[in-house]
Amino acid sequence: MATHDPTWSKVDHYATELFGLLDPELASVAARSQAADLPAIQVSECQGKFLELLVRLSGARRVLEIGTLGGFSTTFLARGVGQGGTVLSLELDERHASIAREGLIDIGLGARVDIVVGDAHESLRRMIDEGAEPFDLVFLDAEKSGYPRYLDAILKLSRPGTLLVADNVVRDGRVLDSASDDEHVRGVQEFNARVAEAPALDATLLQTVGVKGYDGLLIAIVGGIARRGTTAPANPEAAQ
Ligand code: SAH
Ligand code: DHB
Ligand code: MG
């Protein structure tokens, strides 16, 4: 398994400083979580900025987040969608949700973020039943054992072109341990395998190192035109 090189954190701090990623608004959201003793498992500043850039790059206006915690990643997503865009964030823990809500309102992003409290599996089921509009981008970051089930729901709330980003898919390399009995590792393994098998998804996995140690992001596009091992066909329908 991986050893944690202290350089990883130093480089994260260097880049965060260099690009001014932890501005006063973000710092206030982070401070609120810290003061409330929430687990410090939010995305790093560099990862959060990457999410914001993905939202902007994809032009996403309607974003779904699964797992809010104190609203740190939510802040980046909400910045990415811009004015008129919306982020729906699902959170099981009422206390996490209210800390996130307060922090987002405090920095003026409350109007574009809706935090729904409850088991995200149930919230998603309700949205599917109600025929909710598909999302442009989904950031999956709740309990890892639930990832396979989340995938099914996400696909039902997607359209061709929807971007899926899932956090923590490497887990210090433990994703390779096929004998693992850790439910989080197993969840991620099954999730990755099901993404790989889903004909509608075109995916990659990016390993990450930094203040959060060694982990990775899975990035997939729904109904991607360029299919595995092929170049983009003249007729995108032919790829379905
Ligand atoms: N995305 C956040 C971190 C999320 S941590 C950030 O980067 O800033 C994972 C969160 O998922 C926790 O707040 C936890 O309470 C929540 N969670 C766990 N199980 C859940 C479930 N079944 N439904 C919704 N949220 C859940
Ligand atoms: C941990 C990290 C995460 O990014 C997360 O979403 C959940 C847990 C962790 O390091 O335990
Ligand atoms: Mg995470």
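As the structure lists them, so they are numbered: ligands from 1, and atoms in each ligand from 1. Quick caveat, the model's predicted, so the values are computed rather than measured. Count residues from 1 along the sequence.
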- [ ] Measure from the side-chain N and O atoms of R171 to the backbone N and O of V188, and report whether any donor-acceptor pair falls under 3.5 Å.
- [x] no

Task: More than 12 heavy atoms from other groups under 6.0 Å of CZ on R159 - done: yes

TODO: Supply the atom-to-atom distance F139 CZ to D167 CG, rounded to the nearest 0.5 angstrom.
DONE: 4.5 Å

TODO: Look at atom CZ of R61 and say whether more than 12 heavy atoms of other residues, nucleotides or ligands are closer to it than 6.0 Å.
DONE: yes

Open item on the list: Tell me whether ligand 2 is touched by K144 - counting only heavy atoms on the residue side and a distance under 4.0 Å.
Closed with: yes

TODO: Starting from the Mg ion (ligand 3), look over the N/O/S atoms of D167 and name the nearest one.
DONE: OD2

- [ ] Before accepting this row, confirm whether a basic side-chain N of the pair R194/D152 lies closer than 4.0 Å to the acidic partner's carboxylate O.
- [x] yes

- [ ] Using a cut-off of strictly less than 2.8 Å, determine whether D215 has an N/O/S atom near the Mg ion (ligand 3).
- [x] no

Task: Side chain T208, main chain D215, donor-acceptor under 3.5 Å - done: yes

Task: For L164, the option from L137, L151, L64 that meets side-chain contact (heavy atoms from CB on, under 4.5 Å) - done: L151

Open item on the list: So that I can check it, does any N, O or S atom in N168 come closer than 2.8 Å to the Mg ion (ligand 3)?
Closed with: yes

Sub-3.5 Å pairs, protein N or O with ligand 1 N or O:
| from | atom 1 | to | atom 2 | distance (Å) |
| --- | --- | --- | --- | --- |
| ligand 1 | 1 (N) | G67 | O | 2.8 |
| ligand 1 | 1 (N) | S73 | OG | 2.8 |
| ligand 1 | 1 (N) | D141 | OD2 | 2.8 |
| ligand 1 | 7 (O) | V43 | N | 2.9 |
| ligand 1 | 7 (O) | S73 | OG | 3.2 |
| ligand 1 | 7 (O) | D141 | OD2 | 3.4 |
| ligand 1 | 8 (O) | S73 | N | 3.1 |
| ligand 1 | 8 (O) | S73 | OG | 3.2 |
| ligand 1 | 13 (O) | L69 | N | 3.4 |
| ligand 1 | 13 (O) | E91 | OE1 | 2.7 |
| ligand 1 | 13 (O) | E91 | OE2 | 3.2 |
| ligand 1 | 13 (O) | H96 | ND1 | 2.8 |
| ligand 1 | 15 (O) | E91 | OE2 | 2.6 |
| ligand 1 | 15 (O) | H96 | ND1 | 3.3 |
| ligand 1 | 19 (N) | E143 | OE1 | 3.2 |
| ligand 1 | 22 (N) | D119 | OD1 | 3.0 |
| ligand 1 | 22 (N) | E143 | OE1 | 3.4 |
| ligand 1 | 22 (N) | Y150 | OH | 3.4 |
| ligand 1 | 23 (N) | A120 | N | 2.9 |
| ligand 1 | 25 (N) | L92 | N | 3.1 |

- [ ] Can you sort out which atoms of ligand 2 are near D167, meaning under 4.0 Å from one of its heavy atoms?
- [x] 4 (O)

Open item on the list: Does this structure show an ion pair linking R125 with D129, if we count only N-O contacts that are shorter than 4.0 Å?
Closed with: yes

- [ ] Answer yes or no for K212: is there a heavy-atom contact with ligand 2 below 4.0 Å?
- [x] yes

- [ ] Taking only Lys NZ, Arg NE, NH1 and NH2, and the carboxylate oxygens of Asp or Glu, determine whether R62 and E133 approach each other closer than 4.0 Å.
- [x] no

Open item on the list: Could you work out, for atom 1 (C) of ligand 2, the closest of L69, D172, D141, I41 by heavy-atom distance?
Closed with: I41

TODO: Tell me which N, O or S atom of D141 sits nearest to the Mg ion (ligand 3).
DONE: OD1

Task: salt_bridge(E183, R186) N-O dist < 4.0 Å - done: no

Open item on the list: Show me which atoms of ligand 2 lie under 4.0 Å from any heavy atom of N168.
Closed with: 2 (C), 3 (C), 4 (O), 5 (C), 6 (O)

TODO: Return yes or no for this condition: an N or O of R171 is under 3.5 Å from an N or O of ligand 2.
DONE: no

Open item on the list: Is the ring pair F191/Y147 parallel, tilted or perpendicular, if the boundaries are 30 and 60 degrees?
Closed with: perpendicular

